[in-house]
Amino acid sequence: MRSLQRGVLAGVSALALAGCATTGVASAPPPSSSASSTAVPIEPAQPSWAARDAEMDAFLDDLIGRMTLEEKVGQLTLLTSDWESTGPTIREGYQQDIAAGRVGSIFNAYTADYTRELQRMAVEGTRLKIPLLFGYDVIHGHRTIFPISLGEAASWDMDAVEKSARVSAAEASAEGIHWTFSPMVDVSRDARWGRVSEGAGEDVYLGSKVAKARVHGYQGDDLKAVDTVLATAKHFAAYGAAQAGRDYHTVDISERTLRDVYLPPFKAAVDEGVATFMTSFNEYDGVPASGSKFLLTDVLRDEWGFDGFVVTDYTSINEMVPHGYAKDLEQAGEQALNAGVDMDMQGAVFMENMVKSVEEGRVSQANIDRAVRRVLEMKYRLGLFEDPYRYADEARQEATLYKPEFLEAARDVARKSMVLLKNDGNVLPLAANAERIAVIGPLGDSKTDMIGSWSAAGDRETRPVTVLEGMKARAGNGVTVQYAKGASYEFGDKGKTDGFAEALALAKSSDVVVAVMGEKWDMTGEAASRTSLHLPGNQQALLEQLVATGKPVVLVMMSGRPNSITWANDNVPAILHAWYPGTQGGHAVADVLFGDYNPSGKLPITFPINVGQAPIHYDMKNTGRPIELGEPGAKYVSRYLNTPNDPLYRFGYGLSYTTFGYSPATLSASSMGPKGSITATATITNTGTRAGEEVVQLYVRDLVGSVTRPVQELKGFEKIALQPGESRTVSFTLRPEDLAFTRADMSHGWEPGEYRLWIAPSSGAKASTPVTFTLTE
Ligand code: BGC
């Protein structure tokens, strides 16, 4: 079903994403009728940078008119410098390639002086003096590192998410970088996949909001401002659906799932004006993404109206040969360019084959010129033709990196990202009379681990503040904080116990134990899939012995994925999930443990009881034999013999040091028409004794559809702050287009019928009272 009409099928349109407004936020006007009365029309978004510019067009017409085919292919080539790489190095001698005009963009090179030096080679050494574009993976901070992306999403605080991207752009651009390979907007629902750490988790709606916040944070409102960078929506598409959670593995999902689950955050990025897209390593429907005309042209260009350029992921054109889709590199390059790829990352396939492919007529000049224009347009819009060195400014670099306010922002975002998973008996915040605190575990005093994977130019040796350092800095006079590593997180160390005696002795002589455990920093990220979600190494054994001492134990988890910490949930009184919290992470953990900050994060991804439940997500389908239909323990229902269907911790779950009460939701009407809206309202009260923040969540269930619908879908959220005893009314307005999905005939739109809605503190729907409304034709 590929020939879908522009104007009818929108993935999730700007309307759908923006339309579910909380009180006070204007909603888009209702759609005018089109092919079907319930179809949601698409108006391709026009980002501010995409406005036509006659002067630019004339400049580029002239420039492209003077370029040789070889020079054009050079502009379609991106190579890594020899500073870093994340895959096989195909090509040596990139500096000679720059001087020869064979490469138009470089990644993994930064600092004002180095980028200036390389830029000089391009603008002084080549015939047409076309400046280089410098890209880099600036994912959750550049020098000042923020929490990993999944952690940031756990804040459910879009200002915080945007701030992180803003600071990243300021630092990266001050070191000569023009372009970040971020945000990663892959919806990911399989905890085995190491790259869950890089995205915003499992949800379409939250993921779309985070995508927009990040794009805006990087690009700001003006691409030409020297402190903004081009953003990249990656990896297009469905990379997160890798079979069995194994990285780079085959993806085999329906087009409906692609459109309803995996594409919306990409569409949101387009609506926010993202300048570039990156392809993914996986295949979709038997075609590697870098050769997919369906994804790169039919959807991205024709349906969505994307106007920027598309870069491949690292050597992914070359990989079309082992995929078994191209017989050789020459064919792979042709398939990629003709499908809609504009720039080849690191594969040197265009560089080495494209001239021949054009000369022999398998790629048209027009396709080459179109790709070249898209790349040159971005260079023009950044102002590089006016001044190729405008981003490489030593004085700005000196004044920008690690600014105190950036470090403060990193600390603030880190504490907002942490999720309190358990707090029996109010073990946290730490009691004022806890005078001897034991910090125990391999992650308790490890600078290397604090900043997680994909930490750009972040320093992992000296700058990061560890948990031990943060706790010591915060603890008052008369409080001692001591450390024992105790355990190892290395896979091979399961049976070892050599550090246990020291750790147990320290625990026994302390008032409270803070066990800092989890995964080593590179156990998530690219090429870091696992088939177990347990604590690696001998941490579990030590944790059990720590609890057996009878001392109160607080488990601080550091990890980039959901872990199956079932034993800890049953036996450890307090658990805080801290992700990899970044450069200031130790201070942020101390802020939360000592109660200077009341935790407010909620999980953006479901934590399974065990790996056998994966992939698991809150918006599952009901099936024809839902477990609720059977007696307890019934056999012929959709269940496991040995594990409940429910996860360990649900999407949207997270505790606070205070408590919140929810009134049942009320509706402004019992039905809405095609052009109407409906407002759901609930009153939230801080029923505890501390000020705190709560993420109020709106869920909807479409009871009957032309295709089956999920048991619940997040359709809105708002993070509110309440003083003890204070109440606040929170309202969400829904329009029919917010309920749109890919219908039986593959059109995108809503359907009349009955819907259930509830406002809740998490996706644990059973606890909340739903209300019902009708959507009429
Ligand atoms: C990753 C991308 C990254 C690229 C460049 C690849 O291996 O999949 O996410 O942007 O390398 O470093």
Side-chain angles (χ1 to χ4, degrees), residues 77-91 94 103 105-110 133-142 148-150 165 168 172 177-188 193-200 211 214-215 218 229-242 245-249 251 265-266 269 274-284 288-290 308-320 322-323 336 341-349 452-458 522 524-529 560:
T77 296
L78 168 66
L79 293 180
T80 181
S81 86
D82 52 7
W83 281 22
E84 293 164 23
S85 72
T86 56
T89 298
I90 297 286
R91 186 133 188 119
Y94 66 99
V103 52
S105 302
I106 292 288
F107 67 120
N108 295 331
Y110 48 90
L133 185 70
F134 291 104
Y136 193 40
D137 289 280
V138 181
I139 309 290
H140 53 108
H142 176 62
I148 57 164
S149 309
L150 186 62
S168 307
I177 291 161
H178 310 127
W179 175 28
T180 176
F181 304 143
S182 175
M184 191 274 223
V185 302
D186 297 307
V187 168
S188 45
W193 193 48
R195 302 196 83 166
V196 294
S197 61
E198 293 177 51
R214 291 201 166 120
V215 169
Y218 292 129
V229 293
L230 308 179
T232 309
K234 75 182 186 186
H235 308 83
F236 195 58
Y239 186 32
R246 199 179 83 204
D247 207 3
Y248 317 127
H249 203 355
V251 166
F266 287 99
V274 71
T276 76
F277 259 61
M278 186 187 293
T279 64
S280 53
F281 289 125
N282 57 281
E283 65 173 62
Y284 171 69
S290 294
F309 73 80
V310 174
V311 65
T312 67
D313 202 350
Y314 202 107
T315 62
S316 66
I317 300 180
N318 314 57
E319 292 165 24
M320 283 159 60
H323 265 295
V341 163
D342 299 308
M343 189 185 283
D344 170 7
M345 182 196 287
Q346 190 56 16
V349 175
S453 70
W454 287 115
S455 23
D522 58 1
T524 44
E526 187 172 351
S529 296

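Just follow the structure's listing: the first ligand is 1, and inside any ligand the first atom is 1. All heavy atoms count here, side chains included; hydrogens, waters and symmetry mates do not.
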Say whether Asn282 and Ser280, considering side chains only, have a donor N or O and an acceptor N or O under 3.5 Å apart.
yes

Hey, is ligand 1 close enough to Tyr314 that some N/O pair sits below 3.5 Å? no

Of Thr77, Asp313, Thr315, the one forming a side chain to side chain contact (heavy atoms under 4.5 Å, CB included) with Gln346 is Thr315

Paired with Tyr110, the ring pair (Phe, Tyr, Trp, His ring centres under 6.0 Å) test is passed by just one of Phe134, Trp83, Trp179, namely Trp83

If we number the atoms of ligand 1 from 1 as shown, the ones under 4.0 Å from a heavy atom of Phe107 are 5 (C), 12 (O)

Notebook entry, point to check: If you measure every N/O of His235 against every N/O of ligand 1, is any gap under 3.5 Å?
Noted result: yes

Sub-4.0 Å heavy-atom approach of Gln346 to ligand 1: no

Under 4.0 Å between heavy atoms, the region of Met184 that gets near ligand 1 turns out to be neither

Among Asp137, Asp186, Ile139, the residue with a heavy atom nearest to atom 12 (O) of ligand 1 is Asp137

Under 4.0 Å from one or more heavy atoms of Lys234, ligand 1 contributes atoms 2 (C), 3 (C), 9 (O), 10 (O)

All heavy atoms of Ile139 vs all of Phe181, minimum pair found to be CD1-O, 3.4 Å

The answer for which part of Glu198 has a heavy atom under 4.0 Å from ligand 1 is neither

What one should report as the nearest heavy-atom pair of Ser453 and Gly525 is OG-CA, 3.6 Å

What one should report as the nearest heavy-atom pair of Ala165 and Tyr218 is O-CD2, 3.5 Å

